[in-house]
Amino acid sequence: MSKYDACDITNWPITAPEYGGDDGKNWVGRPELADPSEKSQWWLFKPAKYGLMTLPGSVPGARYRRRDDHVEKIVSELADLIGLPAADVEVAVRDGEEGIISRNVAPKGWDLQPGNTYLSEFDGYLNCDVNDRPRNRVGHNVTNISKLLQGKPGPPDTAVAEWEALDVFVGYLILDAWVANTDRHALNWGLLDSNGAARLAKSYDHGSSLASGASETRLRQILESGVEGWSQRALAHRFEDGKKKTLLDVAWEGLQLSSGRAKEFVDRIGSLDRASWLGVLEGIPSMSEVAYTFADELLAANRKRLCDGNKRLE
Ligand SMILES: Nc1ncnc2c1ncn2[C@@H]1O[C@H](COP(=O)(O)OP(=O)(O)OP(=O)(O)O)[C@@H](O)[C@H]1O
Ligand SMILES: [Mg+2]
């Protein structure tokens, strides 16, 4: 069985609802691991999402399948390629419904708390755990995040467990810039807590990368006009004043405020063989040619931007 084959979870019981995120989702577990004491072995089932084409005059048109689920699997594999801790993701199907499952990033004995919970203690921070999320994420900035993460270590049981949490978090920002993840809001990263001891959790929820919500028609248009132009407009709008900053700008801010150790992730991306990410894209069985070409060209273009920027910082 290839690591990209869909895992049939039809017989896995639903173990808990998940109230966070866009639509109602459920945690599931293998039948023998459904007990709450096995929570660390549970997976969040995220069904495939659909979008509506927009016709002239903002009239909604035909429904199309978005690629959030495929992208979530792809990015978890890309994170793996560069040694960055991210939730394990498997392609899944439940009662015929396609999607992915994302393994709980909280190991046994640890609870996940979103960054938002901690940042809410900071002066002026705008809570984003509300129905009407703020347009400008005031207080969600690298300065506050670096204060929060100071003195805390990286995710347990990973290759970067002994790194400073901030260096690992900057690694997440570098990953985001590479894959154009435009959704790193303060509920999409978090800290693990165990009796007052806190450390950064693995990265999760990368479904909004690689233009996952764009229709194939839109991807074709972007390809025709050149992915480079589009990639320069990938803004960090889940951060304070993010409408004026690219994902790359936020990653550089992070590098400058931290020890700079996360540059290692830029180097790892820089020395990747293109064939290694193509291997990941080829793993996704139903990926269309246009989505494949778009993802490949975007990864190459953003890699170049990261490596060029890195040289300028040296
Ligand atoms: N692998 C994971 N381990 C632990 N908790 C997770 C994991 N994945 C998601 N969650 C939790 O479930 C919530 C909803 O999941 P997720 O963020 O993936 O959904 P979403 O609908 O894409 O969210 P949104 O688009 O609002 O960011 C997250 O905010 C987080 O609290
Ligand atoms: Mg989320």
Side-chain angles (χ1 to χ4, degrees), residues 7 9 12 14-29 33 36 38-51 66-77 79-80 84-92 97-120 126-135 137 140 155-158 172 175-176 179-194 198-214 236-239 242 247:
C7 173
I9 58 160
W12 294 18
I14 290 175
T15 51
E18 172 57 61
Y19 298 109
D22 273 348
D23 330 281
K25 284 185 258 311
N26 290 307
W27 288 91
V28 295
L33 298 170
E38 302 291 358
K39 208 168 146 184
S40 60
Q41 312 271 7
W42 293 356
W43 300 71
L44 184 66
F45 179 49
K46 300 180 69 176
K49 294 185 180 179
Y50 291 82
R66 296 167 49 123
R67 293 172 305 282
D68 306 52
D69 53 333
H70 294 163
V71 161
E72 192 138 6
K73 172 65 176 168
I74 291 169
V75 177
S76 95
E77 295 296 331
D80 230 36
L84 196 68
D88 292 329
V89 171
E90 301 294 346
V91 178
E97 186 174 27
E98 293 178 341
I100 57 98
I101 47 174
S102 175
R103 189 203 289 263
N104 192 355
V105 294
K108 210 172 186 124
W110 294 87
D111 282 320
L112 176 70
Q113 289 295 339
N116 183 65
T117 307
Y118 296 87
L119 290 174
S120 295
L126 286 186
N127 184 4
C128 70
D129 195 6
V130 286
N131 281 341
D132 207 4
R133 292 183 177 172
R135 288 178 79 81
R137 303 297 165 94
H140 192 228
D157 307 321
T158 67
Y172 299 170
L175 173 74
D176 292 345
V179 303
N181 176 17
T182 51
D183 204 28
R184 178 77 63 184
H185 56 68
L187 299 163
N188 276 345
W189 61 272
L191 298 185
L192 298 170
D193 175 88
S194 177
R199 46 201 308 173
L200 186 65
K202 287 181 181 178
S203 186
Y204 56 88
D205 190 6
H206 307 114
S208 299
S209 311
L210 300 172
S212 62
H237 58 112
R238 300 298 191 225
F239 288 86
L247 293 169

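In each ligand, atom 1 is the first atom listed, and ligand 1 is the first ligand listed. These numbers were taken from a predicted model, which means no experiment stands behind them.
In this structure, Ile9 CD1 and Ile100 CD1 are separated by 9.5 Å, a value rounded to the nearest 0.5 Å. Once rounded to the nearest 0.5 Å, the distance linking CZ of Phe239 with CZ of Arg137 reads 10.5 Å. For the atom pair OG1 (Thr15) and NZ (Lys39), the distance works out to 9.5 Å, reported to the nearest 0.5 Å.
Taking both residues in full, the closest heavy atoms of Val71 and Ser212 are given as CG2-CB, 3.9 Å, listed atom of the first, atom of the second, then distance. Heavy atoms only, all atoms of each residue included: Trp12 and Gly29 are closest at CB-O, 3.2 Å.
The Asn104 neighbourhood of ligand 1 comprises atoms 3 (N), 4 (C), with distances under 4.0 Å to a heavy atom of that residue. Here is the list of ligand 1 atoms found below 4.0 Å of a heavy atom in Ala87: 1 (N). For ligand 1, the atoms lying closer than 4.0 Å to a non-hydrogen atom of His185 are 24 (P), 26 (O), 27 (O).
Side-chain contact of Arg184 with Ser208: a donor-acceptor pair under 3.5 Å is absent, judged by distance alone.
A salt bridge does not link Arg199 to Asp193: none of the charged nitrogens lies less than 4.0 Å from a carboxylate oxygen. The pair Arg238-Asp183 meets the salt-bridge criterion, since a charged nitrogen lies less than 4.0 angstrom from a carboxylate oxygen.
Between the OD1 atom of Asn188 and the OD2 atom of Asp205, the angle centred on the Mg ion (ligand 2) amounts to 90° when rounded to 10°.
With hydrogens left out, the protein atom closest to atom 18 (O) of ligand 1 is Lys46 NZ, 2.6 Å, a heavy atom. Nearest non-hydrogen protein atom to atom 5 (N) of ligand 1 is Leu112 CD2, 3.4 Å. Nearest protein heavy-atom neighbour of atom 9 (C) of ligand 1: Leu44 CD2, 3.4 Å. Residue, atom and distance of the protein heavy atom nearest to atom 30 (C) of ligand 1 are Tyr204 CE1, 3.8 Å. Looking only at protein heavy atoms, the nearest one to atom 12 (O) of ligand 1 is Glu18 CD, 3.2 Å. The protein atom (non-hydrogen) at minimum distance from atom 3 (N) of ligand 1 is Val105 N, 2.9 Å. Considering only non-hydrogen protein atoms, atom 16 (P) of ligand 1 sits nearest to Asp205 OD2, 3.4 Å.
Without hydrogens or angle criteria, Lys73 side chain to Val89 main chain gives a donor-acceptor distance under 3.5 Å.
Residue-environment remark: OH (Tyr50) exceeds the threshold of 12 foreign heavy atoms within 6.0 Å. Other residues, nucleotides and ligands place more than 12 heavy atoms under 6.0 Å from the NZ atom of Lys25. More than 12 non-hydrogen atoms from other residues, nucleotides or ligands lie less than 6.0 angstrom from CD of Gln113.
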(request) Using the side chain to side chain donor-acceptor pair (under 3.5 Å) rule, take Asn188 and Asp205 through it: C-alpha gap first, then chi angles, then the decisive distance, then the call. (result) CA-CA 6 Å; Asn188 276 345; Asp205 190 6; 3.0 Å; yes
(message) Under the criterion side chain to side chain contact (heavy atoms under 4.5 Å, CB included), I'd like the reasoning laid out for Asn116 against Leu119: C-alpha separation, chi angles, the key distance, then a yes or no.
(response) CA-CA 5 Å; Asn116 183 65; Leu119 290 174; 5.7 Å; no
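Put simply, no part of Glu72 is less than 4.0 Å from ligand 1, judged by heavy atoms. Under the 4.0 angstrom criterion for non-hydrogen atoms, Gln113 is not in contact with ligand 1. Under the 4.0 angstrom criterion for non-hydrogen atoms, Trp42 is not in contact with ligand 1. Close to ligand 1: Lys25, with a non-hydrogen atom less than 4.0 angstrom away.
Under 4.0 Å from ligand 1, not a single heavy atom of Asp68 appears. Only the backbone of Arg103 comes within contact range of ligand 1, with a heavy atom under 4.0 Å; no side-chain atom does. By the criterion of a heavy-atom distance under 4.0 Å, the side chain of Trp27, and not its backbone, is placed next to ligand 1. Heavy atoms of Arg133 found under 4.0 angstrom from ligand 1 belong exclusively to the side chain.
At under 3.5 Å, not a single nitrogen or oxygen of Gly20, backbone or side chain, sits near a nitrogen or oxygen of ligand 1. Checking only distances, Ser102 does come within under 3.5 Å of ligand 1, N or O to N or O. Checked by distance only, ligand 1 and Asn188 come closer than 3.5 Å through their nitrogen or oxygen atoms. Some N or O of Leu187 is nearer than 3.5 Å to an N or O of ligand 1, by distance alone.
Between Ser76, Gly21, Gly207, it is Gly21 that holds the heavy atom closest to atom 23 (O) of ligand 1.
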